[in-house]
Amino acid sequence: MDEELHERVRDTVAAIPEGTVATYGDIAALAGASTPRLVGRVLGEDGHDLPWHRVLRADGTPAKHLREEQCARLLEEGVMSRNGRVDLTRYRWRPERG
DNA sequence: GGCATGACTACTT
DNA sequence: AAAGTAGCCATGC
């Protein structure tokens, strides 16, 4: 497997600032992954030490089995949610644009 | 190599 | 809003 890609994804997820969120697609793009599915795979394997709760789906909804955990953890960081859906237009992570 | 699975996304109906 | 279809690609058998 591509360990470089594996670490890139981890670094990117770890770089998500507190109080913000990012989509799998964003992580994939920033990490250089060709598909967001690889992001989910990395988190599933070694994301246990990462702020995975800041990673959401493109709709602002978390992964099904994490729906409760995501919402609870994000609440701790001040990220409000609506019926289990986060407002990406409000909390989406914006990398330092200079 | 082929088949099935998965923390996904976009398009169409 | 919800369901169906296509694209994506690494992992395990």
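In what follows, chains carry the letters A, B, and so on, assigned in the order in which the sequence lines appear, proteins first and then strands, with residues in each chain numbered from 1. Quantities reported herein were computed from a predicted structural model and do not represent experimental measurements.
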Atom of A15(A), atom of W93(A) and distance for their closest heavy-atom approach: O-CZ2, 3.7 Å

Would you give the length of the straight line joining atom [atom1] of [X] to atom [atom2] of [Y], rounded to the nearest 0.5 angstrom?
X	Y	atom1	atom2	answer
L74(A)	T20(A)	CG	OG1	9.5 Å
D46(A)	H6(A)	CG	NE2	4.0 Å
L43(A)	H48(A)	CG	NE2	10.5 Å

For [X] and [N], what is the distance between atoms [atom1] and [atom2] respectively, to the nearest whole Å?
X	N	atom1	atom2	result
D46(A)	dT11(C)	CG	P	12 Å
L66(A)	dG6(B)	CG	C1'	13 Å
R41(A)	dC8(C)	CZ	C1'	12 Å
N83(A)	dA1(C)	CG	P	10 Å
R54(A)	dA7(B)	CZ	P	22 Å
L38(A)	dT11(C)	CG	P	9 Å

For residues [X] and [Y], determine if any side-chain heavy atom of one lies less than 4.5 Å from a side-chain heavy atom of the other.
X	Y	answer
I27(A)	P36(A)	no
L75(A)	M80(A)	yes
L38(A)	L5(A)	yes

In a table with atom names and distances, give each donor-acceptor pair under 3.5 Å that connects a side chain of residues 55-72 of chain A to protein atoms at least two apart or in another chain.
residue, atom, partner, partner atom, Å
E69(A), OE2, R73(A), NE, 3.2
Q70(A), NE2, W52(A), O, 3.4
Q70(A), NE2, V55(A), O, 2.7

Listed pairs, N/O of protein and of nucleotides 2-6 of chain C, under 3.5 Å:
none

Kindly write out the residues that satisfy side-chain hydrogen bond (donor to acceptor under 3.5 Å, both in side chains) with D11(A), not counting sequence neighbours, or none if the list is empty. none

Under a 4.0 Å heavy-atom cut-off, which of residues 67-79 of chain A touch DNA chain B? none

Taking dA7(B) as the reference, what is the distance to dA6(C) when you measure between their P atoms (whole Å, please)? 23 Å

What side-chain hydrogen bond (donor to acceptor under 3.5 Å, both in side chains) pairs are there with at least one residue in residues 74-84 of chain A, not counting sequence neighbours? H53(A)-E77(A), R54(A)-E77(A)

Membership question, hydrophobic clusters at under 4.5 Å side-chain separation (ILVMFWY): are V86(A) and I16(A) in the same one? no

Could you go over nucleotides 8-13 of chain B and give all protein N or O partners under 3.5 Å, atom names and distances?
residue, atom, partner, partner atom, Å
dC8(B), N3, R37(A), NH1, 3.2
dC8(B), N4, R37(A), NH1, 2.4
dT9(B), OP1, A58(A), N, 3.0
dT9(B), OP2, A58(A), N, 2.8

Report the residue (L5(A) or R85(A)) whose heavy-atom-nearest nucleotide on DNA chain C is the more 5′ of the two. R85(A)

